2 protein chains.
Amino acid sequence: MPIIKSKDQNTSPTGRVRKKNQSIILKAAEQDFLAHGFKGASIKGIAERAGIPRANVHYYYKNKEAIYSDILLEILSLWDSSIITSTEEPAKVLGDYILAKVMYSKTNPEASRIFASEFIHGAPRLQHYLQTSFKTWIDEVKTTIEGWIKLGKMDDIDPLYLLFTIWGATQHYADFSPQVTAAMNKDKLTNEDFEQVAKTLTQIILKGCGITK
Amino acid sequence: MPIIKSKDQNTSPTGRVRKKNQSIILKAAEQDFLAHGFKGASIKGIAERAGIPRANVHYYYKNKEAIYSDILLEILSLWDSSIITSTEEPAKVLGDYILAKVMYSKTNPEASRIFASEFIHGAPRLQHYLQTSFKTWIDEVKTTIEGWIKLGKMDDIDPLYLLFTIWGATQHYADFSPQVTAAMNKDKLTNEDFEQVAKTLTQIILKGCGITK
DNA sequence: AAATAAGCTGACACCAGTGTCAAGTAATAA
DNA sequence: TTATTACTTGACACTGGTGTCAGCTTATTT
């Protein structure tokens with residue numbers, strides 16, 4: 001999986017062309033994976049999207065798995081970057097988090113969908129992540145929220161169910177976009193729509209958890 | 001798409017074998033689509049899962065699309081079967097609906113995932129559904145909820161955002177199952193887990209919408 | 001118990017995608 | 001400016017999947 005990563009670091013000050021081409025390939029690949037799923041995507045298709053011969057793609061990436069790994073890594077680094085800190089008040093922390101998640105759905109719908117697709121198919125490539133950084137992240141958040149509950153700042157609600165609710169509700173706008181737009185009679189949600197989503201969802205969640213700001 | 005459907009109806013009292021075999025094929029296909037996505041699934045793979053020669057699958061279904069259509073139709077018929085009626089009180093109606101959705105995630109996780117996968121990839125095969133029965137369903141529900149709001153039975157919340165929240169939060173347990181189980185340190189959610197999910201979610205949503213039963 | 005229809009399947013010709021390699025061209029370092 | 005390394009690409013041999021058909025067997029009807 002880190003085949004290319006290591007190459008990047010080892011090869012001296014060279015690699016301008018490499019960097020440029022890899023980025024072209026990755027962008028094309030993201031589109032292809034999105035359109036056809038992991039199994040359905042093909043190096044042939046990726047090469048065509050990227051506008052370069054297939055053999056050239058093979059020069060940079062051994063196979064489809066290698067490309068996909070690179071993409072997943074990038075997505076993961078984005079995904080849990082929004083951090084919940086324990087120093088602020090729950091209303092502020094959760095509100096910020098919900099807004100961040102909604103805006104992530106708006107700004108990175110492709111990433112969200114690839115991520116979702118991976119889970120739908122059993123997340124075979126995310127086992128390590130789920131056992132390590134994801135778990136520590138979860139534990140931190142759990143502790144924080146349990147602290148709020150102990151201090152009477154919110155109702156006694158299982159922190160995990162709260163998180164799942166936020167994730168599900170926010171990611172829905174990226175992952176089920178055709179359903180959302182059909183229901184709303186729109187081609188595409190606007191910036192204001194997303195802001196309204198964040199506002200409404202924050203309202204429901206905060207009030208629903210008994211958080212009074 | 002209805003190629004087989006019509007055959008079923010036209011052919012006299014025969015079709016016992018046909019019915020049995022189609023059901024075997026559909027079950028195998030569901031597994032294969034789930035494992036590999038639409039593009040990644042193959043008639044070869046489906047035939048192997050079903051334990052019959054590939055040519056025999058072709059005898060019943062012209063191609064992959066035909067099989068997939070049959071599966072999607074079945075899933076759709078399940079999906080919007082839970083109806084929101086206007087005669088009951090909001091707390092009861094929404095509580096029942098949330099419970100039904102959570103239990104659907106538990107009982108039909110495969111269907112939920114196939115459905116999600118379809119949307120993630122742009123829902124090319126659901127355009128007609130989204131423009132017809134889905135839309136009328138949405139309109140009914142919108143009217144009902146707006147009625148509640150006018151009567152002061154709940155806060156002024158956009159009915160669509162409320163629905164999306166419920167859908168996202170409930171479907172999350174089927175679609176992101178590996179993430180959920182990892183977070184909960186379990187292999188599989190139990191019946192009690194799902195009941196607890198429904199209870200917690202109902203609590204958050206009802207309170208969050210200002211519904212006092 | 002024939003006759004007819006439904007179901008089954010191996011084999012065939014075909015198309016799409018893979019990965020590698022050798023022989024080139026462009027870029028960079030000495 | 002030449003030597004070296006990076007990059008490019010057409011061609012090849014191969015694997016996996018498709019759809020059809022002819023000839024067979026099993027059900028069903030008369």
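Side-chain atoms are counted along with the backbone in the values below, which use heavy atoms only and exclude waters and symmetry mates. Order of the sequence lines sets the chain letters (A, B, ...), proteins ahead of strands, with each chain counted from 1. Fair warning: this is a prediction, and the values are worked out from it, not measured in the lab.
- Within a 6.0 Å radius of CG in B:Asp187, other residues, nucleotides and ligands contribute 12 heavy atoms or fewer.
- Applying the salt bridge (charged side-chain N to carboxylate O under 4.0 Å, His left out) definition to pairs two or more places apart or across chains, those involving residues 105-129 of chain A are A:Glu118-A:Arg125.
- The distance from atom NZ of A:Lys62 to atom C1' of C:dG19 is 10 Å, rounded to the nearest whole Å.
- In this entry the distance linking CZ of A:Arg18 with C1' of C:dA26 reads 16 Å, nearest Å.
- Of all the residues in residues 42-58 of chain B, B:Pro53, B:Ala55, B:Asn56 reach under 4.0 Å from DNA chain C with at least one non-hydrogen atom.
- To the nearest angstrom, P of D:dC7 lies 12 Å from OH of A:Tyr61.
- The phosphate of C:dT28 has OP1 or OP2 within less than 4.0 Å of a side-chain N or O from A:Arg16.
- Of the side-chain N and O atoms in A:Tyr60, one or more sit less than 4.0 angstrom from OP1 or OP2 of D:dT8.
- For the residue pair A:Ser112 / A:Asp175, a side-chain donor-acceptor distance below 3.5 Å is found, with atom types taken as modelled.
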Close N or O pairs between protein and nucleotides 22-25 of chain C (under 3.5 Å):
none

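- Atoms NE2 (A:His36) and P (C:dA16) sit 14 Å apart, rounded to a whole Å.
- Within the structure, every pair that satisfies the salt bridge (charged side-chain N to carboxylate O under 4.0 Å, His left out) test and touches residues 37-47 of chain A, not counting sequence neighbours, is listed here: A:Lys44-A:Glu48.
- Using a cut-off of 4.0 Å between Lys/Arg side-chain N and Asp/Glu carboxylate O, B:Asp193 and B:Lys188 are scored as not salt-bridged.
- Distance CD/B:Gln22 to NZ/B:Lys27: 12.0 Å, rounded to 0.5 Å.
- Between A:Lys19 atom NZ and C:dA27 atom P there is a gap of 19 Å when expressed in whole angstrom units.
- Between B:Tyr59 and C:dG7 there is a side-chain polar atom (N or O) within less than 4.0 angstrom of OP1 or OP2.
- Note on A:Lys92 versus A:Asp96: salt bridge recorded, some NZ/NE/NH1/NH2 to OD/OE distance being below 4.0 Å.
- Between the NZ atom of A:Lys39 and the P atom of C:dG17 there is a distance of 15 Å, given to the nearest Å.
- Regarding contacts with the backbone of C:dA6, every side-chain N or O of B:Asn21 stays at 4.0 angstrom or more from both OP1 and OP2.
- Residues passing the side-chain contact (heavy atoms from CB on, under 4.5 Å) test with A:Lys207, sequence neighbours excluded: B:Asp155.
- Applying the side-chain contact (heavy atoms from CB on, under 4.5 Å) rule to A:Leu99 yields the partners A:Met103, A:Ala198; only residues at least two apart in sequence or on another chain are considered.
- Rounded to a whole Å, the NZ atom of B:Lys64 is 17 Å from the P atom of D:dG16.
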